[in-house]
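Here the structure is a predicted model, which means the values were calculated and not measured.
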Amino acid sequence: MDNHSSATEFCLLGFPGSQELHSFLFALFFFFYSVTLMGNMVIIMIVCVDRRLQSPMYFFLVHLSVLEILITTIIVPVMLWGLLLPGMQTISLTGCVVQLFLYLAVGTTEFALLGAMAVDRYVAVCNPLRYNIIMSSRTCNSVVIVSWVFGFLSEIWPVYATFQVTFCKSNLLDHFYCDRGQLLKLSCDDTLFMELILFLMAVFIIIGSMVPTIVSYTYIISTILKIPSASGQRKAFSTCASHFTFVVIGYGSCLFLYVKPKQTQAAEYNRVASLLVSVVTPFLNPFIFTLRNDKVKEALRDGVKRCFQLLKD
């Protein structure tokens, strides 16, 4: 790789502005990161401990929470360190490769898992009598394994191709992490064909995982509207509300970031979209799946009561 690249390290410019602004951003993003870690870890623990949550939906939710922890941990600690340090932050070529690969691989795995969760909700609402047969533990384990394997294998070539270009313009990355679009800006090579291939791959991954989600929710909404009572409709929709909310936020932010023909867009645009993906969405995940889910709220209340009882004893 070093034979094709003149850069052995990159300087991350991070966020513009004064040191006072950086201090404020550090406090804000540190709060977001701490809540993200604690919230998603709480979800993982209560699902593993509470027998009422031993179902495919919550099995997928555990893996989603693990992915949210990973995707924010890949980006945020480096970003926080850059906000603390005066001047520019450097990252080695190897570190840049690893960070970009893990970020894209974990993100792709999450899209595959979201599509699987949509199908799970479809079976639960539209075919409840066969739910336990269709969504067996063997099926769920297979879906999760395929999601993880697909996510990591599918990003090997895109990351490899990104670092085969010649970085001769500069080694200054106008971002807080190794963003692919900003990396391609530093290349002296003609990257138009590569950007087209990367765009088509992003379309295949994101839009491809959206298809089962859209189809599933079309059937779900159709089935819910056929339920005669309003209370029955609310109960049926409540089983999908958390996932649907997360899907809208997650897909919306990633469509802005990745599904675009020109990878080398303005740094300000990329920074905002990247913050939505790596900071805001993982932060919202625990609230979406607890505040909008009665079973999780009940399990959480019972867990808090048991903790207080143990402390009193």
Side-chain angles (χ1 to χ4, degrees), residues 1-2 4-15 22 25-26 29-30 32-33 36-37 40 66-85 87-111 148-167 169-187 191 194-195 198 201-202 205-206 250 253-254 257-258 263-265 267 269-283:
M1 189 174 290
D2 289 336
H4 296 83
S5 174
S6 57
T8 57
E9 67 176 16
F10 296 97
C11 296
L12 303 176
L13 298 182
F15 295 90
H22 285 189
L25 291 176
F26 175 85
F29 294 143
F30 182 77
F32 272 51
Y33 182 54
T36 299
L37 291 183
N40 283 287
V66 170
L67 289 167
E68 292 299 311
I69 290 172
L70 288 175
I71 203 163
T72 192
T73 300
I74 291 164
I75 300 298
V76 175
V78 175
M79 179 177 68
L80 292 176
W81 187 245
L83 288 169
L84 276 181
L85 295 174
M88 292 179 293
Q89 181 187 12
T90 60
I91 184 170
S92 66
L93 178 64
T94 303
C96 201
V97 173
V98 171
Q99 187 187 50
L100 180 61
F101 174 72
L102 290 177
Y103 180 65
L104 294 176
V106 170
T108 303
T109 303
E110 187 169 312
F111 282 123
W148 280 90
V149 171
F150 171 74
F152 278 75
L153 290 182
S154 64
E155 293 300 337
I156 292 175
W157 182 85
V159 174
Y160 173 79
T162 299
F163 287 93
Q164 290 305 296
V165 301
T166 304
F167 300 112
K169 290 183 179 178
S170 170
N171 70 335
L172 300 179
L173 273 176
D174 194 4
H175 216 297
F176 52 80
Y177 81 104
C178 287
D179 175 66
R180 183 165 59 197
Q182 297 305 308
L183 282 166
L184 294 178
K185 273 188 174 182
L186 305 181
S187 172
T191 61
M194 182 195 300
E195 290 184 46
L198 294 174
M201 290 188 71
I205 291 169
I206 299 178
S253 55
C254 285
L257 186 58
Y258 295 116
Q263 296 285 315
T264 54
Q265 286 201 337
Y269 175 96
N270 276 359
R271 264 195 291 266
V272 173
S274 298
L275 284 173
L276 286 174
V277 174
S278 60
V279 178
V280 178
T281 304
F283 170 78

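Relative orientation of the H175 and Y177 rings is perpendicular, given thresholds of 30° and 60° on the angle between their planes.
Using a 4.0 Å cut-off between charged side-chain N and carboxylate O, D179 and R271 make no salt bridge.
Taking all atoms of both residues into account, the shortest heavy-atom contact from Q99 to I74 is NE2-O, 3.2 Å. Shown here for L84 and F26, the closest heavy-atom pair between the two residues is CG-CE1, 3.5 Å. The two residues L172 and L186 make their nearest non-hydrogen contact at O-CD2, 3.5 Å. When all heavy atoms of L67 and V106 are compared, the closest pair comes out as O-CG1, 3.6 Å. Of all heavy-atom pairs between V277 and T281, the closest is O-CB, 4.0 Å. Between Y103 and S278, the closest heavy-atom pair is CE1-CB, 4.2 Å.
In this structure, W157 places its CH2 atom where more than 12 heavy-atom neighbours from other residues, nucleotides or ligands lie under 6.0 Å away. Within a 6.0 Å sphere centred on CZ of F152, heavy atoms belonging to other residues, nucleotides or ligands number more than 12.
A 4.5 Å side-chain heavy-atom check between L183 and L100 finds at least one atom pair inside the cut-off. Side-chain contact between K185 and D174 is absent, with no heavy atoms from C-beta onward closer than 4.5 Å. Taking the side chain as every heavy atom from C-beta outward, L12 and I91 approach each other to under 4.5 Å. Between I205 and S154 there is a side-chain heavy-atom pair separated by less than 4.5 Å. Contact of the C96 side chain with the F163 side chain is registered, since non-hydrogen atoms from C-beta on lie closer than 4.5 Å. In this structure, M79 and L275 have side chains that are in contact, with non-hydrogen atoms separated by less than 4.5 Å. A heavy-atom distance below 4.5 Å is not found between the side chains of V76 and T36.
Residue pairs that meet the side chain to side chain donor-acceptor pair (under 3.5 Å) test with at least one member in residues 66-80, sequence neighbours left out, are Y33-T73.
In this structure, S92 contributes its side chain and G95 its backbone to a donor-acceptor pair below 3.5 Å.
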Between I156 and F101, does the side chain to side chain contact (heavy atoms under 4.5 Å, CB included) criterion hold? Intermediate values first, please.
CA-CA 7 Å; I156 292 175; F101 174 72; 3.9 Å; yes

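Distance check: L80 CG to F32 CZ gives 12.0 Å after rounding to the nearest 0.5 Å. One distance of note links CZ of F283 with CG of N40; it measures 11.0 Å at 0.5 Å rounding.
Between F29 and F176, a ring centre-to-centre spacing not shorter than 6.0 Å is recorded.
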